[in-house]
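Heavy-atom basis, side chains included; hydrogens, waters and symmetry copies ignored. Letters go in sequence order (proteins before strands), and every chain restarts at 1.
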2 protein chains.
Amino acid sequence: MLNQSTPLDLMFQALADPSRRSMVERLSRGPASVSELAKPLAMSLPAVVQHLQVLEASGLVRSAKVGRVRTCQIDWAALQTAEDWMLDRRKTWERRLDRLGDFLAEQEKG
Amino acid sequence: MLNQSTPLDLMFQALADPSRRSMVERLSRGPASVSELAKPLAMSLPAVVQHLQVLEASGLVRSAKVGRVRTCQIDWAALQTAEDWMLDRRKTWERRLDRLGDFLAEQEKG
DNA sequence: AATATACTTAAGTACATGCTTAACCAATCG
DNA sequence: CGATTGGTTAAGCATGTACTTAAGTATATT
């Protein structure tokens, strides 16, 4: 893949990893520092920071450093984008079922 | 990653690729054969089949072969699983905001 | 000032992913 | 039957991903 990733690519890719989802899960309960995010994960700090970078690149998480502590938080609007894609698919699907229903009803009548 | 992927991993991973999302998008408008799925994609048939395998492994798509044609369709329940994960995060977040609101209201009163 | 804390940077490695081409097989059409 | 259509299998290759360890840099704490 020639690194022409769309926001949606980056978003779903970011959510495809259980460690990163655990970080998002933690952040949905409120902001946290990098080491707080790292605590439940069985890996080195640099690894966690790399996951964090993936999350930030996807837009799902933002962070800022104050003193020596980097505090992270969810960007809900970004998560919404991914959710919306799925909602759109479902709507298309439901419209299709409606049309199918109409068609069958017509058959019944005719 | 040591191939201990959960359903959610596979689902998000499957949706992280634009070709695969295009296939899901097509299937949300109704069933399709492998070559119908391939038509809009600028890649070889085997590549498309590999994407299809990823989608099937994730549970998002099911397929069956009749004669020499393999017909594919979305498994909506699976897509729902991914959507639910995101809804759960949002609910947690909203509960948190509610508690914060209550707290601030208390401060106001006291 | 010395030490500990909270990251950060860099480099390396093993494995996964997204393709490709070539060859193959089994239905169906003429 | 022989050619075509629709898909399948296998092998290979370039790039990406998920870690690791080692060393470094600020910012507190004592």
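- Within 4.0 Å (heavy atoms only), A/Ser35 reaches sugar-phosphate atoms of the nucleic acid but no base atom.
- Taking side-chain N and O atoms only, A/Ser33 has a distance below 4.0 Å to OP1 or OP2 of C/dC7.
- Heavy atoms of B/Gln13 sit under 4.0 angstrom from primed sugar atoms or phosphate atoms, though from no base atom.
- Summarising the geometry, the separation between CG on B/Leu41 and P on D/dG7 is reported as 14 Å, rounded to the nearest angstrom.
- Under the 6.0 Å distance and 45° angle rule, A/Arg89 does not count as a cation-pi partner of A/Trp93.
- When rounded to the nearest whole Å, the span between CE of B/Met23 and P of D/dG7 equals 11 Å.
- Partners of B/Ser35 by side-chain contact (heavy atoms from CB on, under 4.5 Å), not counting sequence neighbours, listed by chain and number: B/Ser33.
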For residues 44-55 of chain A, please give each side-chain donor-acceptor pair under 3.5 Å, one per line with the distance, not counting sequence neighbours.
from    : atom 1 : to      : atom 2 : distance (Å)
A/Ser44 : OG     : A/Ala47 : N      : 3.4
A/His51 : ND1    : A/Arg20 : NH1    : 3.1

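- Using a 4.0 Å cut-off, no side-chain N or O of B/His51 falls inside it from OP1 or OP2 of C/dT17.
- Scored by the salt bridge (charged side-chain N to carboxylate O under 4.0 Å, His left out) test, A/Asp75 finds A/Arg62 as partners (sequence neighbours excluded).
- Across the protein-nucleic acid pair, A/Glu36 atom CD and C/dA6 atom C1' stand 12 Å apart, rounded to whole Å.
- Every side-chain hydrogen bond (donor to acceptor under 3.5 Å, both in side chains) that A/Glu83 has, sequence neighbours left out, goes to B/Arg90.
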Report, one pair per line, the protein and nucleotides 8-14 of chain D atoms (nitrogen or oxygen only) whose separation is under 3.5 Å.
from  : atom 1 : to      : atom 2 : distance (Å)
D/dT8 : OP1    : B/Arg70 : NE     : 2.5
D/dT8 : OP1    : B/Arg70 : NH2    : 2.9

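- Here B/Ser63 contributes atom OG and B/Glu56 contributes atom CD; the two are 3.5 Å apart, rounded to the nearest 0.5 Å.
- Checked against salt bridge (charged side-chain N to carboxylate O under 4.0 Å, His left out), B/Arg70 has no partners two or more places apart in sequence or in another chain.
- Residues satisfying the salt bridge (charged side-chain N to carboxylate O under 4.0 Å, His left out) criterion with B/Arg21, sequence neighbours excluded, are A/Asp9.
- For B/Ser22, the side-chain contact (heavy atoms from CB on, under 4.5 Å) partners at least two apart in sequence or on another chain are B/Leu41.
- To the nearest angstrom, P of C/dT17 lies 18 Å from CZ of A/Phe12.
- When rounded to the nearest whole Å, the span between CG of B/Asp9 and P of D/dT17 equals 15 Å.
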Just the table, please: protein N/O against nucleotides 25-30 of chain C N/O, every pair under 3.5 Å.
from   : atom 1 : to      : atom 2 : distance (Å)
C/dA27 : N3     : B/Arg68 : NH1    : 3.2

